[in-house]
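The next block holds one structure in the form of structure tokens; read it before the comments.
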Amino acid sequence: MNASFARAVVLAWARCYTAGLDGAARAERLAELESDCFEHLRVTPGFAGSATLLLRCLLGVPADLSWRLEQSAPRGYLHAAAVIIARPAELLLRLAGAALAVAPPLLAAFYVLVALLIGAAALQAEPDPPWFRIVAPWALLAAALVVAGWRYGGRRPRTGALILAAGALPLGLALVATVVAVPLALAATGQALVRVVVAGRPRTAGNA
Amino acid sequence: MRRKPGALLPLELEILQLAADCSRSGAPEFYGYQAAAAIRSVGGAALLAHGTLYKALDRLRSRGLLVASWEDPAAAEAEGRPRRRLYRITAEGQQALADAAHTALPPASQRLDAPGTAP
């Protein structure tokens, strides 16, 4: 841990809890902390200085939040809390959106893998239970439906979602023991449903 | 426990006392880190947390017990450091300090000799 890292953490936290404040109050708090960090690390250089700087930041978190809520009192505590959590929430939503976007190809790849593994096992010995014979072709068909629904959903979201769900869900539920199949199948279907919802939104006058 | 309106917390009294000491010493202004170091030297514990210190300074300023101003950028630039926010006690602050029944603070000389508090 070095001094610039500790300073960056202090200032990043300050940017987080001052988000949404008016420009002057925010700039003043940041400038004051910038000066404090500089003086602290000048008086106590090295690892000890960085560690104690981070400790001062950490121990001050409750007071920082309390100060931030006081600053927002006229607009309400809920507004302040919403502003403070908005950035992490936005990041989580973006991550969730990215996860949804890659769910269909991941699911298709997983089904192809299942088809290969079970197909290879079924070729070498008498499968037990016997219905395992159909799992490999079923998995290939499901993978094809997932890919087709995913691609087709770009043009016809509802039809694409139906095709994708028909491929994803039955096999996903049949492979519940693999743990991975059900969440992937649900995420892929969720992605298709999001497309349907987005496509169903009223269009602006210019696009109508 | 909710404090009474207008009452000063022990930390706020410490800061006001430091500001009064500075005022008497002829260098009436102090900055945030200087306050953290001086109060640490009295208590002997770790430096004040950022949130605790700056919240207290902000409260004293908004109550008119301290006034704050930014240092001249040229002075900071000449020393190669960021600008300091300088605080100074007001007449109201002196009065609040005098009114407070708080006599357990050490003498001014101990505060102003605190390490790392060069103006």
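Residue numbering restarts at 1 for every chain, and letters A, B, ... go by the order of the sequence lines. These numbers come from the heavy atoms of this one structure, side chains and all, not from hydrogens, waters or symmetry mates.
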Subject >> Backbone of A:S35 reached by a side-chain donor or acceptor of B:R83 within 3.5 Å >> reply: no
Original post:
Any side-chain heavy atom of A:R56 within less than 4.5 Å of one from B:T52?
Top reply: no
Original post:
Looking at OG1 of A:T44 and CG of B:L47, how far apart are the two atoms once the value is rounded to the nearest 0.5 Å?
Top reply: 6.5 Å
Subject >> Sub-4.5 Å side-chain heavy-atom contact between A:S66 and B:K55 >> reply: yes
**OP:** Indicate yes or no: at least one non-hydrogen side-chain atom of B:H50 is less than 4.5 angstrom from one of A:L59.
**Re:** no
Subject >> B:Y54 OH to A:E32 CD distance, which is reported to the nearest 0.5 Å >> reply: 5.0 Å
**OP:** For atom CZ of A:R156, decide whether the heavy atoms of other residues, nucleotides or ligands shown that lie under 6.0 angstrom number more than 12.
**Re:** no
Original post:
Of the non-hydrogen atoms in A:G60 and B:A49, which two are nearest, and what is the gap between them?
Top reply: N-CB, 3.4 Å
Original post:
Heavy-atom distance under 4.5 Å to chain B: side chain of A:L33, backbone, both or neither?
Top reply: side chain
Original post:
Would you say B:W70 and A:E28 make side-chain contact, with heavy atoms under 4.5 Å?
Top reply: yes
**OP:** Would you mind checking which part of A:V10 comes under 4.5 Å of any heavy atom in chain B, side chain (CB onward), backbone (N, CA, C, O), both or neither?
**Re:** side chain
Original post:
Between A:E39 and B:R84, is the closest basic N to carboxylate O distance under 4.0 Å?
Top reply: yes
**OP:** Please examine the side chains of A:D36 and B:L53, heavy atoms only from C-beta on, and report whether any two atoms are closer than 4.5 Å.
**Re:** yes
**OP:** Might you work through the side chain to side chain contact (heavy atoms under 4.5 Å, CB included) test for B:D58 and A:Q71, ending with a clear yes or no?
**Re:** CA-CA 10 Å; B:D58 198 56; A:Q71 299 298 304; 3.4 Å; yes
